[in-house]
Amino acid sequence: MARMKFLCDAERCIECNGCVTACKSEHDIPWGVNRRRVVTLNDGVPGEKSISVACMHCSDAPCMAVCPVDCFYQTSEGIVLHDKDLCIGCGYCFYACPFGAPQFPQDGAFGLRGKMDKCTFCAGGPEADNSEAEYKKYGRNRLAEGKLPACAEMCSTKALLGGDADVISDIYRNRVMKRGKGSEVWGWGTAYGKPDAKPATPPGAKS
Amino acid sequence: MSRPFLCERLMPVVGILVALVFSPIVHAADAGRAQEQAQRQQTQPGNNAPMWRDVRGGVKQTTQVRGVETNVLMQPSGQSWREVRPPMSLAGGLLIAAALLALFAFYQWRGPIGVHEAGTGKLIKRFSDAERLTHWTVAISVCILAVTGLILSFGKYMLLPIIGYTLFSWLAMFAKNLHNFVAPVFFFMLPVMIVLFVRDNLPGPGDLKWLLTFGGMFSKSGHETPSGRFNMGEKALFWFMVCALGVVLCLSGAVMLFPNFDQGRQIMQSANIVHVISALVMIFAASFHIYLGTVGQRGAYEGMRTGYVDETWAKEHHQLWYDQVKAGHARQHFADDAPDAVRAQVADGLKA
């Protein structure tokens, strides 16, 4: 059985936010809720990197552990899903999640939380596959249609990969091995030093 | 996006306070790492180790998505919160269970504390109407908050396996909403209670002796150590439970109740930990108060229910206060105008 995973290649992501848009349009997500976002690290500094992040479908998911009504479940493919009929909108999953994946549509005054919404890996919810009820609560169930998550499919530079962990890590491994040439190759600096003969790395640093 | 005026003014202040605690370290690291990352790209292209260290540290970055802390790629404190909470709840749950067991054992051993002489039928107005209204508003709201809070904390382990997912989810939803809407009642009545009761809870003569003898609870004669209007046990309860824990509960609860002030997750996690610990200690302490105020002592419940106590009850449980009332020095007086229904109720409460 496949183990579904997202992988974002920081060398390829160009912060176009296409994945965010694809997700919003695919699932008809309301205003104020973003199941996926792109974070740029060291924005404006040479070497800045962007990474697209959503629910990472953890094996030992903190949201599942802290939910007071136990509304989360994990599919046989490792996708972490939740039952909105059980969710009480307490926000504990939002406290616990390292990635900020759980989203809460505002429901009433004083920021009262509605039912939690998060990335489903385009796998819907507990309702019947592709049913009207499932679409309304969780968005499209693309996996049931034999498709991969919309964000990864839409990614213009194929930085965001989504699918079976074995397959996408093979793709990523291939990229890393073949990326760049000469001194740009990953690990070159450690192995051979820089072309200008200066010691490339301080002793003990890894490349 | 328009927000209430108050929060626009207040939140920067809170934000600055929080930032003052954390920012010097974060910002120094931020600039250092960004520079390190830039340098690393020159010497070792493709090695993003400095950037990943930032990610693991939960440093604020840049994003186009608007929202609370959307610019933090990973927050490491959530895992700590997740690991701290369950053992803490378990310890608190065991503490409450132990308290209930101890009270049950004590009741079996000692039974209700009665009065040694018969009631005289002469009543003293012990609590004013304002005091009773405040006491019962706080008492009832605390009971509702405690029960709903316990459902949310322990229901997953104790109720869910019995009543099932659908029913428990409905119950938890009800508990959450009740908790959130009763909380403001507690929030606004607590200061009133503190103001009304603080005067007679200040340290007074007899307190130390009462404390050293445990109020005479274990004395052979069964007589209580003389005390003022409130004994040392009640005073401890007032200062510890009402003034300290009550205020902490209100403040930590407000942090979690109003996510619309855009506070971060770290402050909410801390608030949750503080709220759970103080709530469990509060329930622990309150169970002793409720025990003594209901089944544990004859005449106590009627005293707060009606506001009147029998002369004998006052003499045996609060002798110093009784002497003051008799001498006319206390603010409470003998009430000869008490209605007959109240007289019957008070007399009934004293009966074994």
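Lettering of chains follows the sequences in order, A, B, ..., and the numbering in each one begins at 1.
Residue with the most contacts toward chain B among A:Gly44, A:Gly89, A:Cys87, A:Gly91: A:Gly89 (heavy-atom pairs, distance under 4.5 Å). Ranking A:Val39, A:Val53, A:Leu112, A:Val176 against chain B, the residue ahead of the rest is A:Val39, based on heavy-atom pairs under 4.5 Å. Between chain A and the residues B:Lys176, B:Gln39, B:Gln269, B:Arg66, the largest count of heavy-atom pairs under 4.5 Å involves B:Lys176. Taking chain A as the reference chain and counting heavy-atom pairs below 4.5 Å, the highest number among B:Gln41, B:Gln79, B:Glu83, B:Met74 is found for B:Met74. With respect to chain A, the highest number of heavy-atom pairs below 4.5 Å among B:Gly78, B:Gly58, B:Ala49 belongs to B:Gly78.
Looking at B:Gln75, both its backbone and its side chain come within 4.5 Å of chain A, counting heavy atoms on both sides. Heavy-atom distances place no part of A:Asp83 under 4.5 Å from chain B, backbone and side chain included. In this structure, chain A has heavy atoms under 4.5 Å from both the backbone and the side chain of B:Arg82. In this structure, the portion of A:Lys115 lying under 4.5 Å from any heavy atom of chain B is its side chain and not its backbone. Within the 4.5 angstrom heavy-atom criterion, only side-chain atoms of A:Glu15, from C-beta onward, approach chain B. Neither the backbone nor the side chain of B:Leu159 comes within less than 4.5 Å of any heavy atom in chain A. Interface remark: B:Asn71 contributes backbone atoms only to the contact with chain A (heavy atom separation under 4.5 Å). Of the atoms belonging to A:Val38, it is backbone heavy atoms, and not side-chain ones, that fall under 4.5 Å from chain B. Interface residue B:Leu152: backbone and side-chain heavy atoms are both found under 4.5 Å from chain A. Proximity to chain B involves both the backbone and the side chain of A:Arg113, based on heavy atoms less than 4.5 angstrom apart.
No side-chain donor-acceptor contact under 3.5 Å links A:Thr40 to the backbone of B:Thr63. Distance alone, capped at 3.5 Å, places no donor-acceptor pair between the A:Lys49 side chain and the B:Met51 backbone.
Within the 4.5 Å cutoff, the side chain of A:Asn34 has no heavy atoms near those of the B:Thr70 side chain. In this structure the side chain of B:Gln37 never reaches within 4.5 angstrom of the side chain of A:Leu41, judged on heavy atoms. Proximity of B:Asp54 to A:Asn42: side-chain heavy atoms (C-beta onward) are separated by under 4.5 Å at one or more points. The closest side-chain heavy-atom distance from A:Phe104 to B:Val68 is not below 4.5 Å.
The stretch residues 68-94 of chain B participates, sequence neighbours left out, in these ring pair (Phe, Tyr, Trp, His ring centres under 6.0 Å) pairs: A:Tyr92-B:Trp81, A:Tyr95-B:Trp81.
In A:Lys158, the NZ atom is crowded: over 12 heavy atoms of neighbouring residues, nucleotides or ligands sit closer than 6.0 Å. Counting heavy-atom neighbours within 6.0 Å of A:Arg3 CZ, excluding the residue itself, gives a total above 12.
Among residues 59-81 of chain A, the residues having any heavy atom closer than 4.5 Å to a heavy atom of chain B are, in sequence order, A:Asp60, A:Ala61, A:Pro62, A:Met64, A:Ala65, A:Val66, A:Cys67, A:Pro68, A:Val69, A:Asp70.
Across A:Phe94 and B:Met268, no two heavy atoms sit closer than the pair CE2-SD, 4.4 Å. Scanning both residues, A:Ile88 and B:Met173, for their nearest heavy atoms gives CG2-N, 3.5 Å.
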**OP:** I would like to know whether B:Val72 and A:Phe99 meet side chain to side chain contact (heavy atoms under 4.5 Å, CB included); could you show each step before the answer?
**Re:** CA-CA 8 Å; B:Val72 176; A:Phe99 307 105; over 6 Å; no
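To the nearest 0.5 angstrom, B:His179 atom NE2 is 12.0 Å from A:Cys90 atom SG.
For the residue pair A:Gln106 / B:Asn260, no side-chain donor-acceptor distance below 3.5 Å is found, with atom types taken as modelled.
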